[in-house]
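Working notes for the structure below.
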Protein chains: 2
Amino acid sequence: MIPSGWPPYSRRPAKAVRVKAMTSAIQTLDAAERFCTERGLSLTPMRRRVLELLVEAGGPVKAYDLLSALKPGGAAQPPTVYRALDFLTRAGLAHKVEALNAYTACLNGHDEEDPCTGSAELFICESCGNVDERHMHRAPSDAPDGFVISRSVVEHYGQCARCAN
Amino acid sequence: MIPSGWPPYSRRPAKAVRVKAMTSAIQTLDAAERFCTERGLSLTPMRRRVLELLVEAGGPVKAYDLLSALKPGGAAQPPTVYRALDFLTRAGLAHKVEALNAYTACLNGHDEEDPCTGSAELFICESCGNVDERHMHRAPSDAPDGFVISRSVVEHYGQCARCAN
DNA sequence: CACGTTACGTAATGTCATAACGTCACCCTC
DNA sequence: GAGGGTGACGTTATGACATTACGTAACGTG
Ligand SMILES: [Zn+2]
Ligand SMILES: [Zn+2]
Ligand SMILES: [Zn+2]
Ligand SMILES: [Zn+2]
């Protein structure tokens, strides 16, 4: 629960971000911050916190695991995390992994590049959980005649180079 | 409920298949029958009935909708339909549409071809719900170095030629 | 200051999928 | 023909994932 007297969560001043291991997380979050600022999107503390958790995890995370991770800092119900995930995926800062019902941070530097417009190609290691990502700008060569693609889901499962030995 | 005195459902003689509209359904089901016979798989009445429903639908169907469709012919609980779907997808006779949490019959003639080993590429029309299918036998050209793919999920959403006008 | 917009809190519900256990028929073997 | 393994399904309950609906607070605008 938010202590009484505090402003509501959305207006609470952003705390200093506490990054556990990866220093790259800081870079990614800073890039996301710039990315949103440039486009008039508001990376609120809640959204930033969820993105931070995704980046720290370094792989697909379930929504309810995010929920648990958010609990210590205050109450959190499912809509809270799903709203944050909706924002992040719409903005291209995160992707849903459809076959796992999970979510993962976009691995692109969002400084120079366009946001991922729903066409990320994911390579997911089933041994270590690591995710690699490519951005498709190509249409499949063998699409049915006249089919107009608006969104693609492409996920490859297997073993990454490290785990395949 | 099964009338007492009847043999249990799995041993009940297969009823004549009642196909609503498409005569192609009969062909597909017969092909599936042959496909299973050749490989020592048992297309039981329950599994055949679920496949029949998928073929008749001609597009993605939710598991609980299948469940409702099965009710008239007897009791049906979730595990019943999920077990049938598990068999059908393992055999390559049906595919899960991951981004819709739905299932669709494989469109391949299973007479001449190999089963779909988890590498079907689906083109799903968001207007009419029609599904087209290609079978990928190619690896993506831009996979990470050393990544060994065991299974791919590829789903394209958009407008089919008819709906795109 | 009334008003529309955005973001989040909160409670309840809806949707998708599986665990766990029991029964029955079939098949094999002794 | 008793015993035992296997496969398929029935049944109950629960777990896992996601959304609806409504309320409140902050902010910008005229
Ligand atoms: Zn991306
Ligand atoms: Zn790995
Ligand atoms: Zn197929
Ligand atoms: Zn269409």
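All values reported here derive from a predicted model rather than from experimental measurement. To find a chain, count down the sequence lines: A is the first, B the second, and so on, and within it residues start at 1.
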May I ask you to evaluate whether B:Thr80 reaches the phosphate of D:dG10, defined as a side-chain N or O under 4.0 Å from OP1 or OP2? yes
Within the pair A:Lys96 and D:dA18, is there a side-chain N or O less than 4.0 Å away from OP1 or OP2? yes
Please state how far atom CG in B:Leu70 lies from atom P in D:dC9, giving the value in whole angstrom units. 11 Å
Check the distance between D:dC17's P and A:Gln77's CD and give it to me in whole angstrom. 17 Å
Counting any heavy atom closer than 4.0 Å, what does A:Arg47 reach on the DNA or RNA strands: base, sugar-phosphate only, or nothing? sugar-phosphate
At less than 4.0 Å, is any side-chain N or O atom of A:Asn101 found next to OP1 or OP2 of C:dC16? Yes or no. no
Mind calculating the distance between NZ (A:Lys71) and C1' (C:dC8) to the nearest angstrom? 15 Å
Could you check which of C:dA7, C:dT10, D:dA18 has an atom nearest any side-chain atom of A:Tyr82? D:dA18
Starting from C1' on C:dC16, measure out to CG on B:Asp86 and report it in whole angstrom. 15 Å
Side-chain donor-acceptor pair under 3.5 Å between A:His95 and A:Thr104, yes or no? no
With the side chain defined as heavy atoms from C-beta on, B:Pro79 is closest, among D:dA8, D:dT20, D:dT12, to D:dT12
Going by atom types alone, do A:Glu121 and A:His135 pair a side-chain donor with an acceptor below 3.5 Å? no
Can you check whether B:Ser42 has a side-chain N or O nearer than 4.0 Å to OP1 or OP2 of D:dA8? yes
Does C:dT15 have its OP1 or OP2 closer than 4.0 Å to a side-chain nitrogen or oxygen of B:Lys62? no
Starting at atom CG of A:Leu66, determine the distance to atom C1' of D:dA16, rounded to an integer number of angstrom. 14 Å
Does B:Tyr64 contact C:dA17 through a side-chain donor or acceptor facing the base, at a distance under 3.5 Å? yes
Tell me the interatomic distance from B:Leu43, atom CG, to D:dC9, atom C1', rounded to whole angstroms. 15 Å
Has A:Thr44 got a side-chain N or O lying under 4.0 Å from the OP1 or OP2 atom of C:dC8? yes
Should the pair B:Phe123 and B:His156 be assigned to parallel (<30°), tilted (30 to 60°) or perpendicular (>60°) ring geometry? parallel
Spacing between B:Leu67 atom CG and C:dG14 atom P, to the nearest angstrom: 17 Å
CG of A:Leu85 versus C1' of C:dC8: gap in Å, rounded? 15 Å
Do B:Asp30 and B:Arg34 sit within salt-bridge range, that is, some charged N less than 4.0 Å from a carboxylate O? no
State, without any angle test, whether A:Glu126 and B:Ser150 hold a side-chain donor-acceptor pair at a distance under 3.5 Å. yes
Which nucleotide sits closest to the side chain of B:Arg83: D:dG10, D:dA8, C:dT10? D:dG10
